Student: 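Right, I'll just put the structure down here and ask away after.
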Amino acid sequence: MSSILPLTLSNAYVKRRGKTLIGPIDLSIEAAELTIIIGPNGAGKTTLMRAMHGLQRLTSGVLEFACSIDDARQAQAFVPQNPIMMRRSLRNNLIYPLQLRGVSKSAANAQADDWAQRINLRHALDQSAPNLSGGEKQKVAVARALIREPELVFLDEPCANLDGHATRDIETMLLAERAARRTIVMSTHNLGQARRLATRVIFMLGGCVHETGRADAFFDAPQTPEAAAFLTGDIV
Amino acid sequence: MDNIWDGIKAAVYLLVTFDRDLMEITLRSLQVTLSAVAISSFVALPFGAWLAIRRFRLRRAAIAVLNALMGLPPVVVGLVVYLLLSRSGPFGVLDLLFTPAAMIIAQVIIITPLIASIAHQAIRELWAEYHDLLISMNTTSGQRIRTLIWDGRRALITAALAGFGRAIGEVGAIMIVGGNIDHATRVLTTAIALETGKGDFALALGLGFVLIFLSLLVNFATHALGRTERGKFW
Ligand SMILES: Nc1ncnc2c1ncn2[C@@H]1O[C@H](COP(=O)(O)OP(=O)(O)OP(=O)(O)O)[C@@H](O)[C@H]1O
Ligand SMILES: [Mg+2]
(Lines give C-alpha, C1' and ligand atoms only; values in the text may rest on other atoms or scores of the structure.)
(Ligands and ions follow the chains in the order given, each with its own letter.)
Protein backbone atom coordinates (compact mmCIF):
# COMPACT_ATOMS: atom_id res chain seq x y z
CA MET A 1 0.00 0.00 0.00
CA SER A 2 1.50 3.29 -1.08
CA SER A 3 0.21 5.52 1.66
CA ILE A 4 -1.89 8.57 0.96
CA LEU A 5 -1.69 9.49 4.64
CA PRO A 6 -1.27 11.60 6.65
CA LEU A 7 -4.10 13.87 5.60
CA THR A 8 -3.73 17.40 6.87
CA LEU A 9 -6.12 20.32 6.97
CA SER A 10 -4.61 23.74 7.58
CA ASN A 11 -6.69 26.77 8.45
CA ALA A 12 -9.60 25.23 6.54
CA TYR A 13 -13.01 26.88 6.23
CA VAL A 14 -16.24 25.83 4.56
CA LYS A 15 -18.68 28.71 4.13
CA ARG A 16 -22.06 28.87 2.49
CA ARG A 17 -23.59 32.19 1.57
CA GLY A 18 -21.37 34.02 4.02
CA LYS A 19 -22.19 31.65 6.89
CA THR A 20 -19.25 29.70 8.28
CA LEU A 21 -20.21 26.04 8.53
CA ILE A 22 -16.83 24.85 9.79
CA GLY A 23 -13.52 26.52 10.46
CA PRO A 24 -10.87 27.40 11.22
CA ILE A 25 -9.78 23.76 11.25
CA ASP A 26 -6.28 22.41 11.65
CA LEU A 27 -5.94 18.68 12.02
CA SER A 28 -4.22 15.66 10.66
CA ILE A 29 -5.38 12.07 10.17
CA GLU A 30 -2.60 9.53 10.60
CA ALA A 31 -2.40 6.13 8.93
CA ALA A 32 -3.95 3.11 10.66
CA GLU A 33 -5.96 5.17 13.13
CA LEU A 34 -9.67 4.79 13.73
CA THR A 35 -10.72 8.36 14.37
CA ILE A 36 -14.17 8.98 15.78
CA ILE A 37 -15.76 12.39 15.36
CA ILE A 38 -18.29 13.24 18.03
CA GLY A 39 -20.23 16.38 18.84
CA PRO A 40 -23.79 17.69 19.02
CA ASN A 41 -26.13 17.95 16.01
CA GLY A 42 -25.07 20.69 13.65
CA ALA A 43 -21.51 20.79 15.01
CA GLY A 44 -20.14 20.24 11.51
CA LYS A 45 -19.16 16.55 11.59
CA THR A 46 -20.71 15.74 8.23
CA THR A 47 -19.35 18.90 6.63
CA LEU A 48 -15.84 18.17 7.92
CA MET A 49 -15.84 14.63 6.55
CA ARG A 50 -17.26 15.71 3.18
CA ALA A 51 -14.56 18.36 2.98
CA MET A 52 -11.80 15.87 3.77
CA HIS A 53 -13.17 13.42 1.20
CA GLY A 54 -13.51 16.09 -1.48
CA LEU A 55 -17.29 16.16 -1.79
CA GLN A 56 -17.33 19.67 -0.38
CA ARG A 57 -14.89 22.29 -1.61
CA LEU A 58 -12.97 24.28 0.99
CA THR A 59 -13.78 27.98 0.89
CA SER A 60 -10.25 28.66 2.10
CA GLY A 61 -7.38 26.77 3.63
CA VAL A 62 -5.51 23.71 2.43
CA LEU A 63 -6.23 19.99 2.26
CA GLU A 64 -3.14 17.87 1.67
CA PHE A 65 -2.30 14.21 1.38
CA ALA A 66 1.06 12.46 1.28
CA CYS A 67 0.45 12.04 -2.45
CA SER A 68 -1.31 13.95 -5.21
CA ILE A 69 -5.00 14.73 -4.74
CA ASP A 70 -5.87 12.53 -7.74
CA ASP A 71 -4.12 9.48 -6.29
CA ALA A 72 -5.71 10.19 -2.92
CA ARG A 73 -9.20 10.32 -4.46
CA GLN A 74 -8.68 6.86 -5.92
CA ALA A 75 -7.77 5.39 -2.56
CA GLN A 76 -10.66 6.49 -0.37
CA ALA A 77 -14.33 5.81 0.14
CA PHE A 78 -17.23 7.59 1.79
CA VAL A 79 -20.43 6.28 3.38
CA PRO A 80 -22.96 9.10 3.73
CA GLN A 81 -25.43 9.61 6.56
CA ASN A 82 -28.24 8.57 4.19
CA PRO A 83 -27.05 5.63 2.11
CA ILE A 84 -27.48 5.90 -1.66
CA MET A 85 -28.63 2.65 -3.24
CA MET A 86 -28.23 2.28 -6.96
CA ARG A 87 -31.31 0.97 -8.76
CA ARG A 88 -29.80 -2.47 -9.08
CA SER A 89 -29.71 -5.69 -7.14
CA LEU A 90 -27.76 -5.86 -3.91
CA ARG A 91 -25.11 -7.94 -5.69
CA ASN A 92 -24.72 -5.38 -8.46
CA ASN A 93 -24.43 -2.60 -5.89
CA LEU A 94 -21.59 -4.44 -4.21
CA ILE A 95 -19.69 -5.20 -7.38
CA TYR A 96 -20.12 -1.75 -8.92
CA PRO A 97 -16.92 -0.25 -7.44
CA LEU A 98 -15.02 -3.35 -8.57
CA GLN A 99 -16.41 -3.10 -12.10
CA LEU A 100 -15.21 0.51 -12.25
CA ARG A 101 -11.71 -0.87 -11.72
CA GLY A 102 -12.10 -3.57 -14.34
CA VAL A 103 -12.14 -6.51 -11.92
CA SER A 104 -13.37 -9.63 -13.70
CA LYS A 105 -16.98 -10.64 -13.26
CA SER A 106 -16.24 -13.88 -11.47
CA ALA A 107 -13.73 -12.35 -9.06
CA ALA A 108 -16.16 -9.52 -8.32
CA ASN A 109 -18.99 -11.96 -7.69
CA ALA A 110 -16.87 -14.00 -5.31
CA GLN A 111 -16.09 -10.86 -3.34
CA ALA A 112 -19.75 -9.85 -3.30
CA ASP A 113 -20.64 -13.24 -1.82
CA ASP A 114 -18.00 -12.80 0.83
CA TRP A 115 -19.10 -9.30 1.83
CA ALA A 116 -22.79 -10.19 1.78
CA GLN A 117 -21.90 -12.95 4.22
CA ARG A 118 -20.18 -10.50 6.54
CA ILE A 119 -23.21 -8.21 6.67
CA ASN A 120 -25.58 -11.19 6.99
CA LEU A 121 -27.41 -10.38 3.78
CA ARG A 122 -26.34 -13.29 1.64
CA HIS A 123 -29.95 -14.39 1.24
CA ALA A 124 -30.85 -11.00 -0.23
CA LEU A 125 -28.11 -10.79 -2.88
CA ASP A 126 -30.55 -10.81 -5.78
CA GLN A 127 -33.07 -8.47 -4.21
CA SER A 128 -33.33 -4.94 -5.58
CA ALA A 129 -31.27 -2.69 -3.32
CA PRO A 130 -33.68 0.28 -3.15
CA ASN A 131 -36.25 -2.09 -1.63
CA LEU A 132 -34.04 -3.10 1.30
CA SER A 133 -34.83 -1.77 4.77
CA GLY A 134 -33.06 1.36 5.99
CA GLY A 135 -30.68 -0.59 8.18
CA GLU A 136 -29.92 -3.13 5.45
CA LYS A 137 -29.12 -0.30 3.05
CA GLN A 138 -26.72 1.13 5.56
CA LYS A 139 -24.89 -2.18 5.86
CA VAL A 140 -24.72 -2.49 2.08
CA ALA A 141 -23.29 1.02 1.84
CA VAL A 142 -20.56 0.14 4.33
CA ALA A 143 -19.72 -3.10 2.52
CA ARG A 144 -19.70 -1.34 -0.85
CA ALA A 145 -17.24 1.22 0.53
CA LEU A 146 -14.91 -1.41 1.99
CA ILE A 147 -15.05 -3.90 -0.88
CA ARG A 148 -12.47 -2.09 -2.96
CA GLU A 149 -10.10 -1.93 -0.02
CA PRO A 150 -9.58 1.80 0.19
CA GLU A 151 -6.74 3.08 2.33
CA LEU A 152 -8.98 5.67 3.94
CA VAL A 153 -12.70 5.30 4.67
CA PHE A 154 -15.13 7.93 5.92
CA LEU A 155 -18.30 6.73 7.60
CA ASP A 156 -20.98 9.22 8.58
CA GLU A 157 -23.08 7.71 11.38
CA PRO A 158 -23.06 4.24 9.81
CA CYS A 159 -25.12 2.73 12.61
CA ALA A 160 -27.73 5.47 12.94
CA ASN A 161 -30.71 3.31 11.88
CA LEU A 162 -29.41 -0.06 12.96
CA ASP A 163 -30.60 -2.42 15.66
CA GLY A 164 -28.25 -4.17 18.07
CA HIS A 165 -27.43 -7.10 15.78
CA ALA A 166 -26.71 -4.98 12.75
CA THR A 167 -24.66 -2.54 14.81
CA ARG A 168 -22.58 -5.46 16.05
CA ASP A 169 -22.12 -6.72 12.46
CA ILE A 170 -20.74 -3.36 11.46
CA GLU A 171 -18.58 -2.93 14.53
CA THR A 172 -17.09 -6.37 13.97
CA MET A 173 -16.25 -5.39 10.40
CA LEU A 174 -14.74 -2.10 11.49
CA LEU A 175 -12.64 -3.75 14.20
CA ALA A 176 -11.34 -6.20 11.61
CA GLU A 177 -10.47 -3.29 9.33
CA ARG A 178 -8.78 -1.51 12.21
CA ALA A 179 -6.74 -4.62 12.93
CA ALA A 180 -5.79 -4.71 9.24
CA ARG A 181 -4.46 -1.17 9.71
CA ARG A 182 -7.00 0.49 7.47
CA THR A 183 -7.50 4.17 8.26
CA ILE A 184 -11.06 5.00 9.28
CA VAL A 185 -12.75 8.29 10.09
CA MET A 186 -16.24 7.95 11.43
CA SER A 187 -18.85 10.07 13.15
CA THR A 188 -21.31 8.72 15.68
CA HIS A 189 -23.74 9.82 18.36
CA ASN A 190 -23.29 6.52 20.17
CA LEU A 191 -20.68 7.15 22.87
CA GLY A 192 -20.50 3.48 23.79
CA GLN A 193 -19.61 2.72 20.19
CA ALA A 194 -17.05 5.52 20.19
CA ARG A 195 -15.36 3.97 23.23
CA ARG A 196 -15.40 0.51 21.68
CA LEU A 197 -13.89 1.52 18.36
CA ALA A 198 -11.86 4.70 18.59
CA THR A 199 -8.11 5.01 18.73
CA ARG A 200 -8.42 8.79 18.35
CA VAL A 201 -11.25 11.20 19.02
CA ILE A 202 -12.17 14.54 17.51
CA PHE A 203 -14.74 16.46 19.52
CA MET A 204 -16.46 19.10 17.41
CA LEU A 205 -18.44 22.05 18.66
CA GLY A 206 -19.80 24.99 16.70
CA GLY A 207 -17.89 24.17 13.51
CA CYS A 208 -14.50 23.88 15.20
CA VAL A 209 -12.40 21.06 16.56
CA HIS A 210 -12.89 21.71 20.22
CA GLU A 211 -10.73 18.94 21.55
CA THR A 212 -8.80 16.07 20.06
CA GLY A 213 -6.58 13.35 21.40
CA ARG A 214 -5.97 9.64 21.95
CA ALA A 215 -9.20 7.84 22.68
CA ASP A 216 -8.28 6.37 26.07
CA ALA A 217 -6.98 9.69 27.36
CA PHE A 218 -9.95 11.59 25.98
CA PHE A 219 -12.54 9.32 27.52
CA ASP A 220 -10.71 9.07 30.86
CA ALA A 221 -9.94 12.71 31.31
CA PRO A 222 -11.27 15.21 28.77
CA GLN A 223 -9.36 18.47 28.88
CA THR A 224 -12.19 20.90 28.23
CA PRO A 225 -15.33 21.37 30.35
CA GLU A 226 -17.53 21.13 27.20
CA ALA A 227 -16.12 17.72 26.26
CA ALA A 228 -16.51 16.53 29.84
CA ALA A 229 -20.11 17.69 29.87
CA PHE A 230 -20.78 16.06 26.48
CA LEU A 231 -19.41 12.74 27.72
CA THR A 232 -21.59 12.75 30.80
CA GLY A 233 -24.61 13.36 28.61
CA ASP A 234 -25.16 17.03 29.38
CA ILE A 235 -26.35 19.25 26.59
CA VAL A 236 -23.56 21.46 25.30
CA MET B 1 -73.02 5.13 -43.49
CA ASP B 2 -73.08 2.03 -45.72
CA ASN B 3 -69.86 3.24 -47.19
CA ILE B 4 -68.15 3.16 -43.80
CA TRP B 5 -69.61 -0.20 -42.81
CA ASP B 6 -68.50 -1.77 -46.09
CA GLY B 7 -65.11 -0.18 -45.58
CA ILE B 8 -64.72 -1.71 -42.13
CA LYS B 9 -65.75 -5.15 -43.39
CA ALA B 10 -63.31 -4.94 -46.26
CA ALA B 11 -60.60 -3.67 -43.94
CA VAL B 12 -61.04 -6.59 -41.56
CA TYR B 13 -60.89 -8.92 -44.55
CA LEU B 14 -57.59 -7.36 -45.63
CA LEU B 15 -56.23 -7.73 -42.13
CA VAL B 16 -57.17 -11.36 -41.56
CA THR B 17 -55.91 -12.40 -44.99
CA PHE B 18 -52.60 -10.57 -44.47
CA ASP B 19 -53.13 -8.58 -47.65
CA ARG B 20 -49.84 -8.14 -49.55
CA ASP B 21 -50.08 -4.36 -49.98
CA LEU B 22 -51.11 -3.84 -46.41
CA MET B 23 -48.27 -5.99 -45.11
CA GLU B 24 -45.74 -4.30 -47.34
CA ILE B 25 -46.78 -0.82 -46.27
CA THR B 26 -46.87 -1.77 -42.60
CA LEU B 27 -43.45 -3.33 -42.71
CA ARG B 28 -41.98 -0.33 -44.49
CA SER B 29 -43.48 1.98 -41.87
CA LEU B 30 -41.93 -0.10 -39.13
CA GLN B 31 -38.60 -0.27 -40.92
CA VAL B 32 -38.41 3.49 -41.42
CA THR B 33 -39.60 4.43 -37.95
CA LEU B 34 -37.60 1.82 -36.05
CA SER B 35 -34.47 2.90 -37.92
CA ALA B 36 -35.19 6.52 -37.05
CA VAL B 37 -35.82 5.66 -33.39
CA ALA B 38 -32.62 3.63 -33.21
CA ILE B 39 -30.49 6.38 -34.73
CA SER B 40 -32.14 9.09 -32.64
CA SER B 41 -31.76 7.14 -29.42
CA PHE B 42 -28.13 6.47 -30.17
CA VAL B 43 -27.55 10.22 -30.35
CA ALA B 44 -30.19 11.59 -27.99
CA LEU B 45 -29.79 9.34 -24.94
CA PRO B 46 -26.08 10.01 -24.34
CA PHE B 47 -26.62 13.66 -25.24
CA GLY B 48 -29.45 13.99 -22.72
CA ALA B 49 -27.31 12.32 -20.07
CA TRP B 50 -24.32 14.48 -20.89
CA LEU B 51 -26.46 17.61 -20.66
CA ALA B 52 -27.70 16.49 -17.25
CA ILE B 53 -24.30 15.93 -15.64
CA ARG B 54 -22.30 18.66 -17.31
CA ARG B 55 -22.20 22.17 -15.89
CA PHE B 56 -21.26 24.71 -18.53
CA ARG B 57 -22.08 28.32 -19.13
CA LEU B 58 -24.60 27.85 -21.93
CA ARG B 59 -26.33 24.86 -20.39
CA ARG B 60 -29.62 26.63 -19.74
CA ALA B 61 -29.56 28.04 -23.24
CA ALA B 62 -28.87 24.58 -24.68
CA ILE B 63 -31.86 23.16 -22.79
CA ALA B 64 -34.07 26.01 -24.02
CA VAL B 65 -32.96 25.36 -27.62
CA LEU B 66 -33.68 21.66 -27.18
CA ASN B 67 -37.19 22.38 -25.95
CA ALA B 68 -37.76 24.79 -28.81
CA LEU B 69 -36.59 22.19 -31.35
CA MET B 70 -39.13 19.79 -29.89
CA GLY B 71 -41.84 22.11 -31.16
CA LEU B 72 -40.56 22.25 -34.76
CA PRO B 73 -43.47 21.83 -37.19
CA PRO B 74 -42.77 18.52 -39.00
CA VAL B 75 -43.90 19.93 -42.32
CA VAL B 76 -41.22 22.59 -42.13
CA VAL B 77 -38.65 19.93 -41.25
CA GLY B 78 -39.80 18.06 -44.35
CA LEU B 79 -39.42 21.17 -46.47
CA VAL B 80 -35.89 21.84 -45.22
CA VAL B 81 -34.79 18.23 -45.69
CA TYR B 82 -36.30 18.34 -49.19
CA LEU B 83 -34.30 21.44 -50.06
CA LEU B 84 -31.11 19.92 -48.68
CA LEU B 85 -31.53 16.65 -50.55
CA SER B 86 -32.94 17.98 -53.80
CA ARG B 87 -30.73 17.86 -56.91
CA SER B 88 -29.65 21.47 -56.57
CA GLY B 89 -29.23 21.24 -52.79
CA PRO B 90 -25.93 20.69 -50.93
CA PHE B 91 -26.55 16.94 -50.52
CA GLY B 92 -28.15 16.44 -53.92
CA VAL B 93 -25.29 14.25 -55.14
CA LEU B 94 -26.23 11.61 -52.60
CA ASP B 95 -29.45 11.06 -54.55
CA LEU B 96 -31.48 10.35 -51.43
CA LEU B 97 -34.66 12.28 -52.14
CA PHE B 98 -37.76 10.06 -52.43
CA THR B 99 -36.07 7.10 -50.72
CA PRO B 100 -36.73 5.55 -47.31
CA ALA B 101 -33.38 7.04 -46.23
CA ALA B 102 -34.76 10.54 -46.74
CA MET B 103 -37.79 9.68 -44.61
CA ILE B 104 -35.52 8.32 -41.89
CA ILE B 105 -33.50 11.54 -41.94
CA ALA B 106 -36.63 13.66 -41.56
CA GLN B 107 -37.96 11.52 -38.71
CA VAL B 108 -34.61 11.59 -36.93
CA ILE B 109 -34.65 15.39 -37.02
CA ILE B 110 -38.20 15.45 -35.69
CA ILE B 111 -37.82 13.00 -32.80
CA THR B 112 -34.21 13.48 -31.64
CA PRO B 113 -35.02 16.66 -29.66
CA LEU B 114 -38.05 14.94 -28.13
CA ILE B 115 -36.10 11.88 -27.01
CA ALA B 116 -33.17 13.98 -25.78
CA SER B 117 -35.45 16.24 -23.78
CA ILE B 118 -37.28 13.40 -22.02
CA ALA B 119 -33.98 11.59 -21.44
CA HIS B 120 -32.41 14.72 -20.01
CA GLN B 121 -35.29 15.15 -17.58
CA ALA B 122 -35.08 11.56 -16.35
CA ILE B 123 -31.30 11.47 -16.11
CA ARG B 124 -31.22 14.75 -14.22
CA GLU B 125 -33.37 13.25 -11.47
CA LEU B 126 -31.23 10.14 -11.28
CA TRP B 127 -28.06 12.22 -11.26
CA ALA B 128 -29.34 14.22 -8.28
CA GLU B 129 -29.79 10.88 -6.50
CA TYR B 130 -26.43 9.38 -7.51
CA HIS B 131 -24.32 12.54 -7.47
CA ASP B 132 -22.40 12.06 -4.22
CA LEU B 133 -21.93 8.35 -4.80
CA LEU B 134 -20.46 8.70 -8.29
CA ILE B 135 -18.31 11.68 -7.31
CA SER B 136 -17.09 9.81 -4.25
CA MET B 137 -16.13 6.77 -6.32
CA ASN B 138 -14.04 9.03 -8.50
CA THR B 139 -15.80 8.01 -11.70
CA THR B 140 -14.94 9.43 -15.11
CA SER B 141 -17.58 11.29 -17.15
CA GLY B 142 -17.92 8.28 -19.43
CA GLN B 143 -18.52 5.94 -16.49
CA ARG B 144 -21.10 8.35 -15.07
CA ILE B 145 -23.00 8.58 -18.34
CA ARG B 146 -22.98 4.81 -18.82
CA THR B 147 -24.11 4.19 -15.25
CA LEU B 148 -26.93 6.74 -15.47
CA ILE B 149 -28.14 5.43 -18.82
CA TRP B 150 -28.13 1.84 -17.56
CA ASP B 151 -29.85 2.56 -14.25
CA GLY B 152 -32.30 4.94 -15.91
CA ARG B 153 -33.09 2.54 -18.71
CA ARG B 154 -36.80 2.25 -18.00
CA ALA B 155 -37.30 6.00 -18.27
CA LEU B 156 -35.10 6.03 -21.36
CA ILE B 157 -37.09 3.28 -23.05
CA THR B 158 -40.15 5.39 -22.36
CA ALA B 159 -38.40 8.30 -24.07
CA ALA B 160 -37.65 6.13 -27.11
CA LEU B 161 -41.27 4.94 -27.19
CA ALA B 162 -42.47 8.54 -27.17
CA GLY B 163 -40.22 9.10 -30.17
CA PHE B 164 -41.65 6.03 -31.88
CA GLY B 165 -45.21 7.22 -31.26
CA ARG B 166 -44.46 10.61 -32.73
CA ALA B 167 -42.62 9.22 -35.76
CA ILE B 168 -45.01 6.43 -36.75
CA GLY B 169 -47.97 8.81 -36.90
CA GLU B 170 -46.15 11.61 -38.73
CA VAL B 171 -47.37 12.37 -42.23
CA GLY B 172 -46.38 15.84 -43.43
CA ALA B 173 -42.60 15.58 -43.53
CA ILE B 174 -42.33 12.08 -44.94
CA MET B 175 -44.91 12.86 -47.58
CA ILE B 176 -42.69 15.70 -48.79
CA VAL B 177 -39.33 13.90 -48.71
CA GLY B 178 -40.57 10.37 -49.46
CA GLY B 179 -43.08 11.24 -52.13
CA ASN B 180 -45.45 8.38 -51.22
CA ILE B 181 -44.18 6.23 -54.09
CA ASP B 182 -45.87 2.84 -54.39
CA HIS B 183 -43.59 -0.07 -53.50
CA ALA B 184 -40.84 2.35 -52.53
CA THR B 185 -41.70 5.00 -49.99
CA ARG B 186 -45.37 4.43 -49.22
CA VAL B 187 -45.95 4.10 -45.47
CA LEU B 188 -49.02 3.83 -43.24
CA THR B 189 -49.78 7.50 -42.85
CA THR B 190 -49.13 8.58 -46.42
CA ALA B 191 -51.05 5.61 -47.78
CA ILE B 192 -54.05 6.44 -45.58
CA ALA B 193 -54.00 10.02 -46.86
CA LEU B 194 -53.82 8.82 -50.46
CA GLU B 195 -56.43 6.05 -50.26
CA THR B 196 -58.85 8.34 -48.43
CA GLY B 197 -58.41 10.89 -51.19
CA LYS B 198 -59.11 8.20 -53.78
CA GLY B 199 -62.16 7.00 -51.86
CA ASP B 200 -60.73 3.50 -51.22
CA PHE B 201 -61.83 3.31 -47.62
CA ALA B 202 -61.13 -0.39 -47.21
CA LEU B 203 -57.37 -0.11 -47.47
CA ALA B 204 -57.36 3.25 -45.66
CA LEU B 205 -59.30 1.83 -42.71
CA GLY B 206 -57.26 -1.37 -42.65
CA LEU B 207 -54.07 0.66 -42.47
CA GLY B 208 -55.73 2.89 -39.89
CA PHE B 209 -56.44 -0.12 -37.69
CA VAL B 210 -52.81 -1.18 -37.92
CA LEU B 211 -51.68 2.32 -36.98
CA ILE B 212 -54.06 2.46 -34.01
CA PHE B 213 -52.91 -0.99 -32.93
CA LEU B 214 -49.25 0.11 -33.00
CA SER B 215 -50.03 3.28 -31.05
CA LEU B 216 -51.93 1.32 -28.42
CA LEU B 217 -49.08 -1.14 -28.17
CA VAL B 218 -46.67 1.72 -27.50
CA ASN B 219 -48.99 3.16 -24.88
CA PHE B 220 -49.37 -0.16 -23.11
CA ALA B 221 -45.62 -0.66 -23.12
CA THR B 222 -45.07 2.82 -21.69
CA HIS B 223 -47.69 2.19 -19.04
CA ALA B 224 -46.21 -1.17 -18.10
CA LEU B 225 -42.75 0.36 -17.81
CA GLY B 226 -44.16 3.08 -15.56
CA ARG B 227 -45.59 0.41 -13.28
CA THR B 228 -42.35 -1.52 -12.96
CA GLU B 229 -40.67 1.83 -12.28
CA ARG B 230 -42.94 2.47 -9.33
CA GLY B 231 -42.70 -1.10 -8.11
CA LYS B 232 -38.91 -0.95 -8.60
CA PHE B 233 -39.00 -4.32 -10.29
CA TRP B 234 -35.70 -4.51 -12.02
N1 LIG C 1 -25.50 23.02 2.16
C2 LIG C 1 -25.64 23.74 3.30
N3 LIG C 1 -26.12 24.99 3.25
C4 LIG C 1 -26.27 25.71 4.38
N5 LIG C 1 -26.01 25.24 5.59
C6 LIG C 1 -25.54 23.99 5.70
C7 LIG C 1 -25.33 23.17 4.56
N8 LIG C 1 -24.86 21.97 4.97
C9 LIG C 1 -24.78 22.05 6.30
N10 LIG C 1 -25.18 23.26 6.75
C11 LIG C 1 -25.20 23.71 8.16
O12 LIG C 1 -23.90 23.45 8.67
C13 LIG C 1 -23.98 23.04 10.02
C14 LIG C 1 -23.22 21.76 10.20
O15 LIG C 1 -23.90 20.72 9.55
P16 LIG C 1 -23.42 19.20 9.57
O17 LIG C 1 -24.35 18.42 8.75
O18 LIG C 1 -22.00 19.18 9.21
O19 LIG C 1 -23.61 18.84 11.12
P20 LIG C 1 -23.41 17.44 11.83
O21 LIG C 1 -22.42 17.65 12.91
O22 LIG C 1 -23.14 16.38 10.85
O23 LIG C 1 -24.85 17.22 12.48
P24 LIG C 1 -25.65 15.85 12.73
O25 LIG C 1 -25.11 15.28 14.00
O26 LIG C 1 -27.06 16.31 12.91
O27 LIG C 1 -25.46 14.98 11.55
C28 LIG C 1 -25.46 22.93 10.36
O29 LIG C 1 -25.83 24.07 11.09
C30 LIG C 1 -26.14 22.93 9.02
O31 LIG C 1 -27.38 23.55 9.10
MG1 LIG D 1 -24.11 14.72 10.17
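Sequence lines set the chain letters: A, B, ... in the order given, protein chains first and strands last, and positions in each chain run from 1. Note that this is a predicted model, so its numbers are computed, not measured.
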Student: State, with a plain yes or no, whether a side-chain heavy atom of A:Arg144 is found less than 4.5 Å away from one of B:Met137.
Tutor: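 Side-chain contact under 4.5 Å: yes.
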
Student: Surrounding CZ of B:Phe98 (heavy atoms of other residues, nucleotides or ligands, distance under 6.0 Å), is the total greater than 12?
Tutor: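 More than 12 within 6.0 Å, yes.
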
Student: Within the supplied structure, the quantity of interest is the number of heavy atoms (other residues, nucleotides, ligands) at a distance under 6.0 Å from A:Arg57 CZ; does it exceed 12?
Tutor: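 12 or below, so no.
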
Student: Shortest non-hydrogen contact from A:Leu100 to B:Gln143?
Tutor: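 For A:Leu100 versus B:Gln143, the nearest heavy atoms are O-NE2, 3.4 Å.
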
Student: Would you please test B:Thr147 and A:Arg88 for side-chain contact (heavy atoms from CB on, under 4.5 Å) and show each step?
Tutor: CA-CA 11 Å; B:Thr147 301; A:Arg88 304 175 174 205; 3.7 Å; yes

Student: Chain A heavy atoms under 4.5 Å from B:Thr140: which part of the residue, side chain, backbone, both or neither?
Tutor: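 For B:Thr140, neither part sits under 4.5 Å from chain A.
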
Student: More than 12 heavy atoms of other residues, nucleotides or ligands under 6.0 Å from CZ of B:Arg59: is that the case?
Tutor: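 Atom CZ in B:Arg59 is packed in, count exceeds 12.
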
Student: Mind checking whether A:Tyr96 and B:Thr139 have side chains closer than 4.5 Å, heavy atoms only?
Tutor: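 With C-beta onward as the side chain, the pair touches.
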
Student: Identify the two heavy atoms, one from B:Glu129 and one from A:Ile84, that lie closest to each other, and give their separation to 0.1 Å.
Tutor: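 Minimum heavy-atom separation between B:Glu129 and A:Ile84: O-CG2, 3.4 Å.
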
Student: If you apply the rule side-chain contact (heavy atoms from CB on, under 4.5 Å), what do you find for A:Gln76 with B:Asn138, and how did you get there?
Tutor: CA-CA 9 Å; A:Gln76 49 179 306; B:Asn138 209 21; over 6 Å; no

Student: Give a yes or no on whether B:Phe56 atom CZ has more than 12 heavy-atom contacts from other residues, nucleotides or ligands under 6.0 Å away.
Tutor: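 Counting neighbours around CZ of B:Phe56, more than 12 heavy atoms of other residues, nucleotides or ligands fall under 6.0 Å, so yes.
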
Student: Please check if the number of heavy atoms outside B:Phe209 that lie under 6.0 Å from its CZ is greater than 12.
Tutor: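 Yes - once you tally the heavy atoms of other residues, nucleotides and ligands closer than 6.0 Å, there are more than 12.
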
Student: Return the CG to CD distance between B:Asp132 and A:Gln81, rounded to the nearest 0.5 Å.
Tutor: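 B:Asp132 CG to A:Gln81 CD: 12.0 Å, rounded to 0.5 Å.
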
Student: If you draw a 6.0 Å radius around CG in A:Asn82, do more than 12 non-hydrogen atoms from other residues or ligands fall strictly inside?
Tutor: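 Counting other residues, nucleotides and ligands, CG of A:Asn82 stays at 12 neighbours or fewer.
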
Student: Sort B:Leu134 into side chain, backbone, both or neither according to what part of it lies under 4.5 angstrom from a heavy atom of chain A.
Tutor: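 Looking at B:Leu134, just its side chain touches chain A.
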
Student: Could you look at A:Gln99 and say if it's the side chain, the backbone, both or neither that has a heavy atom under 4.5 Å from chain B?
Tutor: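 For A:Gln99, neither part sits under 4.5 Å from chain B.
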
Student: Given a strict heavy-atom distance threshold of 4.5 Å, which part of A:Asp70 is in contact with chain B: side chain, backbone, both, or neither?
Tutor: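 Just its backbone gets close to chain B.
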
Student: Could you report the tightest heavy-atom contact between B:Tyr130 and A:Arg87, atom names first, then the distance?
Tutor: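 Between these two residues, the closest heavy atoms are OH-N, 2.6 Å.
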
